[in-house]
Structures are given as structure tokens and as C-alpha cells.
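Both counts, for ligands and for their atoms, begin at 1 and track the order of listing.
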Amino acid sequence: MNHQQVQDQIDQALRQRQADNLLRQRRIIDPIDQVRVRLGDQELINFSSNDYLGLAHHRRLATVIAKASRSGCGSGAAGLISGYTSAHAQAEAAVARWKQTERAILLPSGYQANLAAIQTFTAIGQLGGGVRFLADKLIHASLIDAIQTSGQPYRIFPHNQFPKLERLLSQADPNQLQVVVTESIFSMDGDAADLPGLAQLKGRYAFQLLLDEAHASGVWGENGCGYADEIGYGNLADVSIVTCSKGMGLIGGAICASERFCAMLCQAGRAYIYSTSIPPHLCGAVEAALEIMRDDPQRRVRVRRHASMVRKGLRGSGLSVLGEDESPIIPIVVGSEQNALEAAQKLQQQGLLVAAVRPPTVAVNASRLRITVTSAHRRSQIAQLVSALRNLQSGAVSAKKD
Ligand SMILES: Cc1ncc(COP(=O)(O)O)c(C=O)c1O
């Protein structure tokens, strides 16, 4: 295929996506402050950011980063070469203390953290009778990619329903490592994993639990250490994934696990081994973000109150609102891709930036508005959102009862 043919094929694929309302496009959205952004000549209130605690613009984090960058902006190499500094060791120790695990390892993104964790489990499986991943249907794309590229066997169980999972566990080859993979707060549905149900299964069957706490970190648990801790299951997961990109307002991810798992990760977690480590100044910012979470619990209180206010405000509206009452991820299922795009457009006309999430991120006919609230929103902005959602013309949102 020559160059022109490749370009033509791409053109055709993009045109098809456009026709199907599935084309993904970046838009330039510049932050004005913690919650306001500029899109073209419009100023919008951002209801589509995962900066749940409003830390992305926190002056203390900016100061830490500015000060620490004076001694270098990049780490220069992967952690196993020369990119592991005392700043990394210190930040990892702080994350491990916060998550109450023996160790934590920081990576450049949550995506890579999930990849490295699955690669490590794969290597552990190869020491014995292999590994099989048992994954909740709604796990994040990073986990799906990690599992699929591992080349290891895997099975999917229906979201938060365990009869199939139990059957798989009960019939498992005892020599094969079973790894259950789920999220504590699901990224697209905003609901919580049934951790008590998983705890019961753990009492009966041998498996490792990989729990992605990306969206719960900062919002739930002691000092924001996660949803599992909040509901008394802080010790349930064998490996917890944290992202620094959401509640911490930064970038990066962390694998929190036993000393031995982390040692194995340094042997087999290719996503860690073959990638330059995060810059040292980010390590200082991670520590500072954890301190803010500890010292300013009101941020957690506020974001959860805002989530609850939105859900309460939408009760009886006929909109299909998913998720835990206090979950800052507030999905409103509208059905088709077109419905989602039109609804988001209508909200934008009213000064609100809300993401329209379409397949393949969510199932066909389950396109949705994915609204996120943060502690930095003002009550008046929450009220504005609720009233705009209630006023969405019934044609734009094919109302499903909640
Ligand atoms: C559940 C979950 N895990 C992992 C990630 C990846 O995190 P990051 O954006 O830090 O790469 C995301 C990102 O959206 C996520 O939602």
C-alpha cells in the first residue's frame, strides 16, 4: 500500500466515524481557574474534569513543583537505570503509608500502573501453573488492554454480579493463579464494587484481587485513601492501583502492594521497567497532595456533598442517573450517540462543559453524559447544572426512569 492509499483509507474511516457520530476530536480547552475553562470565545463551567478535590490549581502544589524543578525538570532515565531518586523513594513511602501497604511504586500514568500490575501477575503465574484474569465487565480500558496484551487466559463476569465469578473460581485449576480485576468506583458508571461480596468469595476461594481505586482516591477513606478503606475493606485488595491524575490533581499512577509484589514488578513490570520515571518535582507534589488530603478533609466532604446535591436535584426528573449517591461521577444515560452529543451541545450553549461518552467507551445504546463534580464548584454552579439538566428538552434525552 503506498502513502496515498494509506491516507485515503484513513480519510474513509474518519468519514464513517463522523457519519456514525463516533468521531473523537480534541478541542482546545484552556483553564481559567479551578472550575472555569475557555473554549473558543466561550467561558464554561467545567463539569468534565476528574480533578475531584480542586488540587490541579492548588497554589501549594504549584509552589512545590516550581521549587523542585530548579534542580531539574526530568528524571533522565527509567527507575532501574538512574531515574530513581530520594524524592521518588520518599514519595513512594508516603503513598504506601497512606494506602497502608508495604510498598508503593510510582509510574508515569495510571494506565501504565495497570499495565505493569497485570504484567507482574503474568510473570508470577509463569512461576507456576499460569495465570487467569477474571474481570468485571465494566473495568477501565487500561485494564482491558493490559489483560488482552498479556496473552493470558481471561474471563469476564457480569458487572458486580458474582454467580459466574464464583463458578469460575470453584472450577479453577488449583495450580493456576486466579486474579480478580475490578474497580472500587467505576469510571463510567460511578457505582461501587461489591467489596463485601468479594470479601465473602475470598474467604472461600484462593485468588488475588487487583483493585483499581483511580476514582475513589482522595474522595473516600481515611485521608482520602480509597473506597475500600471507607467501608472497612482496606485490607481486601492484594494490589491497589491509585492514580495521581484525578483526586491528586497531578499526573502519574501508583501500584500499592506487598514488598514482594513490588520487587517482582521491578523484574517483570515492563511498563515500569522500560519507561522513564516521573520527574522528581512531581514526587514532591504527590507528597504535598497527600498532605492536603490529610489536612483539609472538607474537600472530600464538599465533593461528595455536591454529588449528592446533583442526584437529589435530579430525582423525579425522569433522567437515568447512575452511580453511588456521593460519587462525583454522575452518568446520565441518554441512549444513542446523537442524543449524547446533542445533550452536551445544549448544555454547552448554557455555559456548561459536560462530556458526551459514546461507544466503545460504553456499550452501544448506553451513550451518556458523564458529569463530574469537584469540591471547587460553588453551590450556585451546582444549582445551575441541575436546572440545565432538568430543562434539557425531552427530545434530546430519551428519558429512562431512574
Ligand atoms: C479506572 C481507571 N483506571 C486507570 C486510569 C488511567 O489513569 P491515567 O489517566 O492516570 O493514566 C483511568 C483513567 O481515566 C481510570 O478511569
Side-chain angles (χ1 to χ4, degrees), residues 24 26 46-53 55-56 61 91 95 99 104-121 133 135-149 156 159-160 179-193 195 209-221 224 226-228 237 239-257 269 271-272 275-279 282-283 285-286 289 322-324 327-331 355-358 360-362 368 370-374:
R24 297 171 189 258
R26 295 182 298 173
N46 191 356
F47 285 106
S48 55
S49 159
N50 298 320
D51 177 24
Y52 299 124
L53 303 180
L55 296 189
L61 298 194
V95 173
K99 286 295 286 181
I105 294 191
L106 283 163
L107 291 94
S109 74
Y111 188 102
Q112 275 174 267
N114 277 335
L115 190 54
I118 294 290
Q119 289 167 339
T120 305
F121 272 126
F133 297 105
D136 187 287
K137 192 173 186 333
L138 295 190
I139 52 167
H140 187 255
S142 55
L143 287 165
I144 297 171
D145 292 356
I147 291 171
Q148 288 183 341
T149 56
I156 305 289
H159 178 49
N160 257 341
V179 181
V180 173
V181 182
T182 192
E183 287 169 34
S184 61
I185 295 293
F186 283 83
S187 62
M188 288 299 141
D189 279 35
D191 60 343
L195 295 182
L209 176 63
L210 169 55
L211 186 65
D212 184 338
E213 291 247 48
H215 293 278
S217 302
V219 179
W220 279 278
Y227 181 77
V239 175
S240 292
I241 303 298
V242 170
T243 53
C244 311
S245 49
K246 301 179 172 54
M248 289 191 205
L250 299 164
I251 184 91
I255 294 176
C256 308
Y272 176 71
S275 192
T276 299
S277 64
I278 63 170
L282 198 65
C283 298
V286 166
L322 306 181
E324 299 299 304
S327 165
I329 300 168
I330 307 170
V357 180
R358 297 161 287 161
T361 307
V362 293
R368 63 198 61 187
R370 181 180 180 275
I371 295 160
T372 46
V373 292
T374 74

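When the ring-ring contact (aromatic ring centres under 6.0 Å, His included) test is applied to Phe133, no partner is found at least two apart in sequence or on another chain.
Checked against the 6.0 Å centroid criterion, the rings of Phe186 and His215 do not qualify as a close aromatic pair.
Near ligand 1, Ser109, Gly110, Tyr111, Asn114, His140, Ser142, Glu183, Ser187, Asp212, Ala214, His215, Thr243, Ser245, Lys246, Gly252 each place a heavy atom less than 4.0 angstrom from the ligand.
Panel note: side chain Asp191, backbone Glu324; no donor-acceptor pair is recorded below 3.5 Å. The main-chain N or O of Ala56 is found under 3.5 Å from a side-chain atom of Asp51 such that the two form a donor-acceptor pair.
Using modelled atom types, one finds no donor on one side chain facing an acceptor on the other under 3.5 Å when comparing His159 with Asp189.
Of the inter-residue distances, the one linking Ser327 atom OG with Tyr227 atom OH reads 9.5 Å to the nearest 0.5 angstrom.
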